[in-house]
Amino acid sequence: MSTVCFLLLFFFRDDPRVSAVQRGAIDGVALAASLVLAPVDAWDRLGSVFESRSSLQEEVLRLQQENRVLKGQSQRLGSLLAENARYKALLNSARDIGDDLIAAQITSLSPDPARHIVMLDKGVNDGVADGQPVLGAEGLIGQVTSSGNRNSRVVLITDSAHALPVQVNRSGLRAIAEGSGSIDRLIIRHLPATTDIRVGDLLVTSGLGGRFPHGYPVARITEVLILEGDAFATVFAEPSSLLDRGRYVLVVMWGDRQREGAP
Amino acid sequence: MIERTQALWVIYVSLGVALVTMLLPLPLEWRMLRPDFVALALFYWVLALPHHVGVTTAFGLGLAQDLIEGAPLGISCFGLMVATLVLLFSYQRIRQFDGLQQSLVMLALMGLSSGIEGWLRTSIDLPTLPLTGLLGLAMSMLCWIPTRHVCRQLRRHYGVV
């Protein structure tokens with residue numbers, strides 16, 4: 001049996017049959033979690049029944065969702081403006097990709113305390129696929145790692161197994177921002193100590209690697225650490241979105257077709 | 001005395017309930033304090049009924065745990081299996097211990113299983129818990145006596161032998 005264990009771990013970890021089982025389990029786990037939470041939800045609903053303004057609430061919800069979609073779409077504006085100023089002449093060739101967004105809700109956290117993984121209430125049936133970027137209200141929060149039919153798992157950018165290519169919005173400097181395992185901190189290692197990077201700089205996705213579209217805000221630099229005599233600086237940044245607050249997120253429909261056309 | 005049918009389902013239902021406690025929502029930074037009821041329930045049943053619950057059950061539970069966590073399949077199996085095996089070798093002695101001594105044994109067993117899990121995680125480049133994760137082990141240790149009490153009442157009430 002331990003042989004089975006090691007075979008599963010070291011040889012069949014990415015086997016399509018194994019991941020099919022895992023995908024199937026996602027929906028089951030989400031269902032079980034919602035059953036566990038059912039009393040809490042029922043209490044919430046009871047409260048809203050007594051308010052007897054359900055139609056108004058629906059309207060507010062719809063507007064909020066719309067507002068969120070608009071916010072998500074305008075996130076790219078800041079970096080596009082900066083880019084515009086620098087590369088006015090070249091911009092003609094840059095293709096504008098109108099990203100489609102799906103509003104989703106975070107339903108639960110992974111029970112594994114070493115990871116920053118959350119569960120969303122949208123899955124393959126809604127158009128979610130592996131690798132799609134996920135946005136919070138203020139910026140990028142993570143990417144979809146596996147998706148069931150009605151639910152999917154998202155790994156946050158602060159997970160210590162996650163890293164993403166970023167760019168300093170002010171200077172255009174490219175770097176890799178790694179998750180630190182703590183929810184309010186990203187780390188950039190191995191930047192030359194003479195690099196032009198300051199506290200307060202905005203990091204945006206650079207679009208390199210083709211996983212994330214270019215130009216979504218990611219984090220703000222909080223600390224630049226250069227030890228005397230060291231050749232490299234270590235830079236700490238705080239994610240723009242509060243990753244442990246808020247339930248609503250946007251999944252960017254960023255398919256293979258668009259990736260091919262990406263810069 | 002009336003002959004009762006074996007109520008083995010009680011074992012599996014209690015293990016299932018232990019799995020469900022993994023799904024109870026906790027704030028992000030507090031998750032490491034969650035007592036590991038799955039391991040505790042498993043260890044209780046191994047200690048009480050070693051002829052029914054053993055390494056195979058540990059394997060199945062480990063798989064279920066991985067599916068719930070979304071971790072690579074098998075990562076928490078091996079640790080649970082080894083700890084169960086240790087318990088199977090020495091259950092007669094551990095049964096004689098008092099509550100505190102048993103709690104310490106449980107701490108050691110859970111340390112063993114989570115240590116093995118951490119080692120497997122490192123070997124495939126998955127993040128492991130920082131040292132504060134040991135707090136979770138301490139919480140689990142404190143929960144041994146209540147878990148034992150509940151499981152024992154269940155076992156006696158349903159006459160599982």
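Below, all heavy atoms of this structure are taken into account, side chains as well, without hydrogens, waters or symmetry copies. Proteins get letters first, then strands, A, B, ... in listed order; numbering begins at 1 in each.
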Subject >> Portion of Leu28(B) that has a non-hydrogen atom of chain A nearer than 4.5 angstrom >> reply: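 Its backbone and side chain both get close to chain A.
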Subject >> Engaged part of Ser76(B) at the chain A interface, taking heavy atoms whose separation is under 4.5 Å >> reply: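 Neither the backbone nor the side chain of Ser76(B) comes within 4.5 Å of chain A.
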**OP:** Please answer whether the main-chain N or O of Arg115(A) pairs with a side-chain N or O of Arg31(B) as donor and acceptor at a distance below 3.5 Å.
**Re:**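 Confirmed, Arg31(B) side chain pairs with Arg115(A) backbone.
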Original post:
Where along residues 11-27 of chain B does a heavy atom come under 4.5 Å of chain A, listed by residue number?
Top reply: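 Those residues of residues 11-27 of chain B which have a heavy atom under 4.5 Å from chain A are Val20(B), Met22(B), Leu23(B), Leu24(B), Pro25(B), Leu26(B), Pro27(B).
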Original post:
Is Arg121(B) paired with Asp112(A) through a side-chain N to carboxylate O contact shorter than 4.0 Å?
Top reply: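 Salt bridge present between Asp112(A) and Arg121(B).
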Original post:
With only heavy atoms counted, which part of Phe6(A) is less than 4.5 Å from chain B, the side chain, the backbone, both or neither?
Top reply: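 Just its side chain gets close to chain B.
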**OP:** With a 4.5 angstrom heavy-atom cut-off, could you sort out which part of Ala25(A) is near chain B: side chain, backbone, both or neither?
**Re:**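 Just the side chain, heavy atoms under 4.5 Å.
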Original post:
Atom CG in Leu8(A), atom CZ in Phe78(B): separation rounded to 0.5 Å?
Top reply: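 CZ of Phe78(B) is found 13.0 Å from CG of Leu8(A).
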Subject >> Rounded distance [0.5 Å steps], CG in Leu9(A) versus CD1 in Ile124(B) >> reply: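 So the gap between those two atoms works out to 5.5 Å.
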**OP:** Pick whichever of Cys77(B), Gly70(B), Ala71(B) has the most heavy-atom pairs under 4.5 Å with chain A.
**Re:**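 Of the candidates given, the most pairs with chain A belong to Gly70(B).
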Original post:
Can you name the nearest heavy-atom pair linking Glu69(B) to Ser110(A), along with the distance?
Top reply: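 In this case the closest contact between Glu69(B) and Ser110(A) is O-OG, 3.4 Å.
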Original post:
Going by residue number, which parts of residues 150-162 of chain A are within reach of chain B, meaning a heavy-atom gap below 4.5 Å?
Top reply: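 So far as heavy atoms go, Arg153(A), Asp159(A), Ser160(A), Ala161(A) are the residues that approach chain B to under 4.5 Å.
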